[in-house]
Asker: 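Structure provided below as structure tokens; questions to follow.
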Amino acid sequence: MQEQYSPRDIEAAAQAEWNRTNAFQVNETPDQETFYCLSMFPYPSGKLHMGHVRNYTIGDVIARYQRMQGKNVLQPMGWDAFGMPAENAAMNNNVAPASWTYSNIDYMRTQLQSLGLAVDWSREFATCTPEYYRWEQWLFTRLFQRGVIYRKNGTVNWDPVDQTVLANEQVIDGKGWRSGAVIEKREIPMYYFRITDYAEELLTSLDDLPGWPEQVKTMQRNWIGKSVGMEVQFPYDVDSIGEAGRLKVFTTRPDTLMGATYVAVAAEHPLATQAGATNPQLQAFIDECKRGGVAEADIATQEKKGLATGLFVRHPVTDEKLPVWIANYVLMTYGEGAVMAVPAHDERDFAFAHAYDLPIRPVVRTSAGDETPAPWQDAYAEKGVLINSYEFDGMDFDSALTAIGDVLKQKQLGEARTQFRLRDWGISRQRYWGCPIPIIHCDSCGDVLVPEDQLPVVLPEDVVPDGAGSPLARMPEFYECSCPTCGNPARRETDTMDTFVESSWYFARYASPHYQQGLVDPKAANHWLPVDQYIGGIEHAILHLLYARFFHKLMRDEGLLDSDEPFKNLLTQGMVIAETYYRLEANGGKTWFNPADVTVERDAKGKIVAARLTSDGEPVVIGGVEKMSKSKNNGVDPQSMIEQYGADTCRLFMMFASPPDMSLEWSDTGVEGAHRFLRRVWRLASQHTQGSRPTALVTTSLTDEQKAVRRSIHLAIKQASQDIGHNHKFNTAIAAVMTLMNVLEKAPQVSDQDRALLQEGLETVALLLAPITPHISHGLWQALGHSDPVISAPWPQLDESALVQDTLQLVIQVNGKLRGHLEVAAHASREAVEAAARQNENVVRFTEGLSIRKVIVVPGKLVNIVAN
RNA sequence: GCCUCGAUGGCGGAAUUGGUAGACGCGGCGGAUUCAAAAUCCGUUUCUGGUGACAGAGUGGGAGUUCGAUUCUCCCUCGAGGCACCA
């Protein structure tokens, strides 16, 4: 064994052996328990960032731990390769998105491999290849035939200058990011997945996922947003073109129907469109509402505005005339795009009524009383006994619901209904670098599916987009085709699919990544799926994870899979953050400096008080800790870390600095600390293995001191097993191994049994660290005399008898305050413990002049004496 | 605006079911080794008062439940993630 810890040699040797033996390549071995460990696959943005390293290290630790449990572990890797950044890079550098993407993949694969991941690389794929997306197109055609996909108009961000549709990210303060033009909402036809058909199941089957964080399930429940309420119709005699009709609204508070004083419709509502056509003032307001992007965060934070249409509807119970308003706070995408406004009991209606002087009529007695004076109080929204509601007076929520429901049903003006907040998923994108939608538009046959034997519709790869609409729409060689049904000239769809579609089923494709006869080989898919452990960023808590759950159910209903849910256990990892430093420029802008180029100054206590740019020695402003990003220039390059310290140090630091679900603050000195620890482990093992092979450990004849060392070994096993296997708290598992190392380094090395004990201790360290720092563990294991590699070794077994102690330390409290300690025999009786505590000199001192009211004894823990 | 989560020493974080707050690491301070430095090792390190023994305070702020609260309940402040075309 080398005396110096040399990560470069150790890591190269370990990786060479894993490659030589195809150590992580797996197949459908019968009778071996499987474990499918999946980390969210990366977008090939150029090079690895620390978020990737963290994600894949967490996955690798779990995968390697499960392998040591004797399971057949599948850990695949691939590339989520379609998306906007490739188009932006293409425009900036004049390269085709395809070649940019493929070269990124090549570079990032090498980087990932240098981390020493236990990945089955034979299953790798990229979603931008026809071999992958042909099955997406195939599934599309199946779902289209089943009616799961349909076409309707949707609203997009339209840049009137660049004449193109923009993503929400490309709309900044309501303006186009390149043109600076004011964005407008525009309706275009798009294809939709009927995810709302699965809303109920997506909601209820969350209860079958005990291995998901409660937080994520709550977010998904609220996103799906099931509301039980009533659809109410407000009849009108005449609209702006002189016709009678009914305005439909959905409400969760039908009990407040008698308090409705106006109705409000969205600017896109048909009634508004119609009214605007004959009223220039209204039309101007509608146009104003259509300015700006479609992102809900922007719409919800804008000033509440409205305009009366001059139209009136009739109250369905009282026949009273109520004005119809157009309001920018009514969302066309929820319910009916129209609301009945009850200002007395709804906060937004309340604010709107005050702004526009509309009547407010309280109809529920709340804990704030019978009146609703301004300002708004949350109590106004409470459910309670009805007042000012004619025949419904005195009813509570439930009886009012029934009674009002009955009246509406009798008049055929309303009925109970369930409404979901979840909307159908629009997947059409007017972009080039995505999976083509396999549809052909024919003047006589309509929307015709591309027949299965003509799939895939191949995306041409040598195209450089220019930011002015989709290049496919300007390529006759792509869109000119003949109708598969009638043979007449037709036009191929030029929109591509939302890139969320590729990532909604990739986990299934890994089971049989090269299968040519179908989307999945059903035998392989059912062998591996569902994924036992899924790991990824919390930012995917809703969209990606909901879409993937939805697709899993679609694939199930297509007969491709047997399971109901894709991911049994979910771990959501936190962000990687780092300190930021900047200087203010004369123009008010900020220049950001990388932490690597900055030197910090500390006060006497070690608190950071100032920072200077290393190169010129002049001060910089400390900007606070933020997510690593290009814009703040606070990213640390994983590659240089690996080159400087090795992959094991990098992995160890990332796992030690914080638990996986919390944010992780980068610290150069922390990395050095991790490296120092690995050097200590190596040094102790190196000293130990210089001697002759130790004799066998005889656990029955250990001295008290040796027993204490052995207890430390098994305490570490206990802690690490629980932390890695159960709680995914790798930081405390590592702390346990560090504590063990502190003991082993100080343990005497005199007798044969001392050496045998150290052998057990070092083997334990190697095994407990094996999932986290696999390379050094590989080297240690060999050096400790094992011929089989550490990846084939089983996880260490806890010897409970090593933990047994003869005496225990109890805590003594007086009135809940710590006043002393008490050493008692492990099996001392309650009475004996209490008696001993009462004699403690501090207890006597602190209870002097008081009478003891109560003594609480918590066995094995503490004694609390209550006195006053 | 709405949904979700979080806040503990100088810093990252730990604390089983409500039972010793600060494990482990970083940083700081003091010392050993060295011609010197790096590396390594030893000691110390929540704050306040005290030479000290010791005492008091302390887990974002305020209230509550309890013999006992970082942990449970309510209110507030600040920060983070998401909001359907970033992935």
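Basis for what follows: all heavy atoms, side chains included, without hydrogens, waters or symmetry-related copies. Per chain, numbering begins at 1; letters A, B, ... match sequence-line order.
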Asker: According to the interplanar angle, ranging from 0 to 90°, do the rings of A:H540 and A:H544 count as parallel (below 30°), tilted (30 to 60°) or perpendicular (above 60°)?
Answerer: perpendicular
Asker: Report which part of the nucleic acid A:S503 touches: base, sugar-phosphate, or nothing (heavy-atom distance under 4.0 Å, all strands).
Answerer: nothing
Asker: Keeping A:N864 on the side-chain end and A:I856 on the backbone end, is there a donor-acceptor pair under 3.5 Å?
Answerer: no
Asker: Check every strand shown and say whether A:M40 touches a base, only sugar-phosphate, or nothing at a heavy-atom separation below 4.0 Å.
Answerer: nothing
Asker: Testing A:Y506, A:W79, A:F507 for ring-ring contact (aromatic ring centres under 6.0 Å, His included) with A:F41, which one passes?
Answerer: A:Y506
Asker: So what does A:S45 touch, heavy atoms closer than 4.0 Å: a base, only the sugar-phosphate, or nothing?
Answerer: nothing
Asker: For B:G19 and B:U70, measure between their P atoms and round to the nearest Å.
Answerer: 10 Å
Asker: Indicate the ring-plane relationship of A:Y5 and A:W682, choosing parallel, tilted or perpendicular according to the 30° and 60° boundaries.
Answerer: tilted
Asker: To the nearest Å, how far apart are A:R423 CZ and B:C85 P?
Answerer: 8 Å
Asker: If we ignore hydrogens and angles and just use 3.5 Å, is the side chain of A:T196 paired with the main-chain N or O of A:D424 as donor and acceptor?
Answerer: no
Asker: Could you give the distance separating B:C47 and B:G12 at their P atoms, to the nearest angstrom?
Answerer: 16 Å
Asker: Between side-chain atoms of residues 295-304 of chain A and protein atoms elsewhere (two or more places apart, or another chain), which donor-acceptor pairs fall under 3.5 Å?
Answerer:
| from | atom 1 | to | atom 2 | distance (Å) |
| --- | --- | --- | --- | --- |
| A:T301 | OG1 | A:A297 | O | 2.7 |
| A:T301 | OG1 | A:D298 | O | 3.2 |

Asker: Expressed in whole Å, how much space separates the P atoms belonging to B:C11 and B:A23?
Answerer: 15 Å
Asker: Quiz question: going by heavy-atom distance under 3.5 Å, is there a donor-acceptor pair between the base of B:C85 and the side chain of A:Q430?
Answerer: yes
Asker: How is A:P42 classified with respect to the nucleic acid when contacts are heavy atoms under 4.0 Å: base, sugar-phosphate, or nothing?
Answerer: nothing
Asker: Give a yes/no answer on whether the side chain of A:K817 brings an N or O atom under 4.0 Å of OP1 or OP2 in B:G19.
Answerer: no
Asker: Using the C1' atom on both, measure B:U66 against B:U17 and round to a whole Å.
Answerer: 15 Å
Asker: How many whole angstroms separate atom NE2 of A:H675 from atom P of B:G25?
Answerer: 17 Å
Asker: Can you name the side-chain contact (heavy atoms from CB on, under 4.5 Å) partners of A:T599, sequence neighbours left out?
Answerer: A:T614
Asker: In the structure shown, which nucleotide is the Watson-Crick or G-U wobble counterpart of B:A38, with both distances under 3.5 Å?
Answerer: none
Asker: Under 4.0 Å, counting only non-hydrogen atoms across every strand here, what does A:H821 touch: a base, just sugar-phosphate, or nothing?
Answerer: base
Asker: Look only at the side chain of A:Q220 and the backbone of A:A541, and say whether a donor-acceptor pair between them is shorter than 3.5 Å.
Answerer: yes
Asker: Hey, which of these two, A:W223 or A:R683, hits RNA chain B nearer its 5' end, going by closest nucleotide?
Answerer: A:R683
Asker: Ignoring hydrogens and angles, tell me if any N or O in the side chain of A:R429 forms a donor-acceptor pair with the backbone of A:D498 under 3.5 Å.
Answerer: no
Asker: What is the separation between atom CD on A:E601 and atom P on B:G10, rounded to the nearest whole Å?
Answerer: 20 Å
Asker: Mind checking A:V855 for me? I need base, sugar-phosphate or nothing, with any heavy atom below 4.0 Å counting as a touch.
Answerer: nothing
Asker: Just how far, in rounded Å, is P of B:C85 from CD1 of A:I172?
Answerer: 18 Å
Asker: For B:U70, which nucleotide is its Watson-Crick or G-U wobble mate, given both distances must be under 3.5 Å?
Answerer: none
Asker: For A:Q719 and B:A15, give me the distance from atom CD to atom P, rounded to whole Å.
Answerer: 8 Å
Asker: Taking CZ from A:R221 and C1' from B:C2, how many angstroms apart are they, rounded to a whole number?
Answerer: 18 Å
Asker: Looking at the base of B:C3, is there any donor atom on it, or on the side chain of A:N222, that sits under 3.5 Å from an acceptor on the other one?
Answerer: no
Asker: Considering every strand shown, what is the Watson-Crick or G-U wobble mate of B:U46 when both distances are under 3.5 Å?
Answerer: B:A57
Asker: A:M654 has an atom CE; how far is it from atom P of B:G12, in whole Å?
Answerer: 16 Å
Asker: Just to be sure I understand the rule, does A:T301 reach a base, reach only the sugar-phosphate, or reach nothing, if contact means heavy atoms closer than 4.0 Å?
Answerer: base
Asker: Give the rounded distance in Å between these two atoms: OH of A:Y192 and P of B:A84.
Answerer: 13 Å
Asker: Please report the distance separating the P of B:G52 from the corresponding atom of B:U45, rounded so that it comes out in whole Å.
Answerer: 13 Å
Asker: Should we count NZ of A:K305 as having more than 12 external heavy atoms under 6.0 Å?
Answerer: no
Asker: What is the nucleic acid contact for A:M190, judged by heavy atoms within less than 4.0 Å: base, sugar-phosphate only, or nothing?
Answerer: base
Asker: Classify the nucleic acid contact of A:Q813 as base, sugar-phosphate or nothing, counting any heavy atom under 4.0 Å across all strands shown.
Answerer: base
Asker: Please measure how far the P atom in B:G60 lies from the corresponding atom in B:G56, and state the result in whole Å.
Answerer: 23 Å
Asker: If the P atom of B:C76 is compared with that of B:C3, how far apart are they to the nearest Å?
Answerer: 13 Å
Asker: For B:G68, does either OP1 or OP2 sit under 4.0 Å from a side-chain N or O belonging to A:R853?
Answerer: no
Asker: With RNA chain B as reference, determine whether A:E347 or A:R819 sits nearer its 5' end, using the nearest nucleotide of each.
Answerer: A:E347
Asker: Where does B:G9 fall, syn or anti, if syn means a chi angle no more than 90° from 0?
Answerer: syn
Asker: For atom C1', what is the distance between B:G28 and B:G9, given to the nearest Å?
Answerer: 13 Å
Asker: Mind listing the N/O atom pairs, protein and nucleotides 37-39 of chain B, below 3.5 Å?
Answerer:
| from | atom 1 | to | atom 2 | distance (Å) |
| --- | --- | --- | --- | --- |
| B:A39 | O3' | A:R679 | NH2 | 3.4 |

Asker: What does B:G1 pair with, Watson-Crick or G-U, if both distances are under 3.5 Å?
Answerer: B:C83
Asker: Given that both distances must come in under 3.5 Å, which nucleotide forms a Watson-Crick or G-U wobble pair with B:U65?
Answerer: none
Asker: Heavy atoms under 4.0 Å, any strand shown: does A:Q215 hit a base, just sugar-phosphate, or nothing?
Answerer: sugar-phosphate
